[in-house]
Amino acid sequence: MGWAIALHGGAGDIPKDLPPELREPREASLGYCLQMAVDALKAQKSPLDVVELVVRELENNPYFNAGRGSVLTNNGTVEMEACIMDGNTKNCGAVSGLTTVVNAISLARLVMEKTPHIYLAFEGAEAFAREQGVETTDSSHFITPRNIERLKQAKEANKVQVDYNTRPIPKDDKTPAPRGDSQLGTVGCVAVDSFGHLATATSTGGLVNKMVGRIGDTPIIGAGTYANKLCAVSATGQGEAIICATVARDVAALMEYKGLSLKEAADYVIEESAPKGTTGLIAVSATGEVTMPFNTTGMFRACATEDGHTELAIW
């Protein structure tokens, strides 16, 4: 048994010719966050603290679809969501519809620790943030030029943009728009310490040109985010597909009820349960295993284990 950490920056139809100016900053950020997490685990920080720390850092990076880089709704606004869960206690907290909170994941943790509830959204969540004194800012802070352009492209094509599309969407493209999250980098982190304590955290801005009020898989316990005493899971991909497949909970359930290993359970969910081209996940087990399968073109991901294994990859 030993500690293990994994993090992701989103799965989707990531083109192999993704320009270096879009690829390299994300790779650098994942590498930085991975080392930050390793240092925190070695310093005996709790897995819950570690996953929050990592996701906060990724939320502050405008190259990912969470926090500062959140994509825009059909009204040109941001509606951010996040979820955090402690595996040993199954305590969890989730938020949706945030427009001013700098770090949605930290508000999700406060919902878990300071309220009798699990999930707060929209005006209620914003009011709770003000009450708790968490950092907020004008919503314009989250609206980047890149995401303004992506929304413009999506509106011109009358589509919900759901992948790492870095080129204009053809206006004559009649392909039905997939139902799900734009993964220009939903972020997540899972961790286990040397004592087998587990935690998971996920954060996202949703999908480009989504309807105002739409909620994806990220804050839904058992869909995009789940942890128990056996494993911790953070999913990424097309939100509606992940919700229907109860992706994160199914990994844990296959371990719990079928006795599968972490890798066997995660592979089954990705290969047999989640529709092809929709889903990726990262997961760690209580015994320090780590796995990062996906059925999309690629997934920004990184991991490290106490025995010295490290990985940072996209495709």
Side-chain angles (χ1 to χ4, degrees), residues 6-37 54-73 76-78 80 102-105 137 139-157 159-171 173 177-178 180-189 202-210 218 234 236-238 277 280 282 292 294 296-304 310-315:
L7 50 148
H8 70 73
D13 185 17
I14 306 174
K16 290 288 184 70
D17 61 349
L18 188 68
E21 64 269 19
L22 296 179
R23 174 177 52 81
E24 291 172 358
R26 294 187 177 97
E27 290 176 320
S29 180
L30 290 179
Y32 175 80
C33 288
L34 183 65
Q35 187 59 53
M36 175 193 297
V54 168
V55 171
R56 279 178 61 95
E57 183 68 25
L58 292 169
E59 286 175 336
N60 293 337
N61 186 321
Y63 282 94
F64 292 103
N65 177 16
R68 177 78 173 90
S70 292
V71 297
L72 306 181
T73 70
T77 57
V78 294
M80 300 170 286
V102 173
N103 292 111
I105 196 63
T137 189
S139 60
S140 62
H141 167 79
F142 305 99
I143 301 175
T144 65
R146 180 181 295 105
N147 286 331
I148 291 173
E149 179 59 29
R150 294 189 73 214
L151 178 62
K152 179 183 176 184
Q153 290 178 11
K155 282 183 173 293
E156 287 176 350
K159 281 185 174 291
V160 172
Q161 192 173 340
V162 298
D163 57 19
Y164 274 91
N165 196 329
T166 57
R167 296 170 289 272
I169 307 168
K171 294 182 182 180
D173 184 357
D181 277 345
S182 161
Q183 297 312 316
L184 185 68
T186 286
V187 303
C189 183
T202 318
S203 182
T204 189
L207 69 156
V208 181
N209 202 26
K210 66 179 180 179
T218 291
S234 175
T236 174
Q238 294 183 14
I282 55 171
M292 304 185 292
F294 54 94
T296 55
T297 303
M299 179 171 73
F300 279 95
R301 63 199 188 276
C303 70
T310 62
E311 180 181 348
L312 197 162
I314 305 172
W315 298 284

Shortest non-hydrogen contact between Ala154 and Val208, atoms and distance:
CB-CG1, 3.8 Å

Taking all heavy atoms of Val187 and all of Ala66, pick out the closest pair and write down the distance.
CG2-CB, 3.8 Å

Does a side-chain heavy-atom distance below 4.5 Å link Ser203 with Thr186?
no

Heavy-atom distance under 4.5 Å between the side chains of Thr144 and Ile148, does that happen here?
no

Roughly how far, to the nearest 0.5 Å, is CD1 of Ile282 from CG of Leu7?
6.0 Å

Please confirm whether the backbone N or O of Arg68 pairs with a side-chain atom of Glu59, one donor and one acceptor, at under 3.5 Å?
no

So how far is it from Leu207 CG to Arg150 CZ, rounded to the nearest 0.5 Å?
9.5 Å

Give, for atom CZ of Phe64 and atom OG1 of Thr204, the distance between the pair rounded to the nearest 0.5 Å.
12.0 Å

Got Leu30 and His8 here, is their nearest side-chain heavy-atom distance under 4.5 Å?
no

Do the side chain of Lys210 and the main chain of Val71 share a donor and acceptor less than 3.5 angstrom apart?
no

So, Thr202 versus Ser234: side-chain donor-acceptor pair below 3.5 Å or not?
yes

Can you list the residues that meet the side chain to side chain contact (heavy atoms under 4.5 Å, CB included) rule with Thr310, with sequence neighbours excluded?
Ala304

Restricting to non-hydrogen atoms, name the atom on Ile143 and the atom on Gly76 that form the minimum distance, rounded to 0.1 Å.
CD1-O, 3.7 Å

Could you tell me the separation between the CG atom of Asn61 and the CZ atom of Arg56, rounded to the nearest 0.5 Å?
14.5 Å

Applying side chain to side chain donor-acceptor pair (under 3.5 Å), name anything that partners Arg23, two or more places apart in sequence or on another chain.
Glu27

Contacts of Ser70 meeting side chain to side chain contact (heavy atoms under 4.5 Å, CB included) (sequence neighbours excluded), chain-then-number -> Asn65, Val78, Met80

Taking side chain as C-beta onward, heavy atoms only, is Thr73 less than 4.5 Å from Leu151?
no

Just verifying a value: how many Å separate Ile105 CD1 and Thr218 OG1, rounded to the nearest 0.5 Å?
9.5 Å

Which pair of non-hydrogen atoms, one from Gly69 and one from Asn147, has the smallest distance, and what is that distance?
O-ND2, 2.7 Å

Smallest separation among heavy atoms of Ala313 and Glu311, with atom names
CB-OE2, 4.0 Å

Which residues pass the side chain to side chain donor-acceptor pair (under 3.5 Å) test with Glu24, sequence neighbours left out?
none

With a 6.0 Å cut-off (strictly less than), is the heavy-atom count around NZ of Lys155, excluding the residue itself, greater than 12?
yes

Scan the side chains in residues 296-303 for donor-acceptor partners under 3.5 Å anywhere in the protein, sequence neighbours excluded, and list what turns up.
from: Thr296; atom 1: OG1; to: Gly298; atom 2: O; distance (Å): 2.9
from: Thr297; atom 1: OG1; to: Asp13; atom 2: OD1; distance (Å): 2.9
from: Arg301; atom 1: NH1; to: Met299; atom 2: O; distance (Å): 2.9
from: Arg301; atom 1: NH1; to: Ile314; atom 2: O; distance (Å): 2.8
from: Arg301; atom 1: NH2; to: Trp315; atom 2: O; distance (Å): 3.0

Correct closest heavy-atom pair for Val102 and Phe142 would be CA-CZ, 3.9 Å

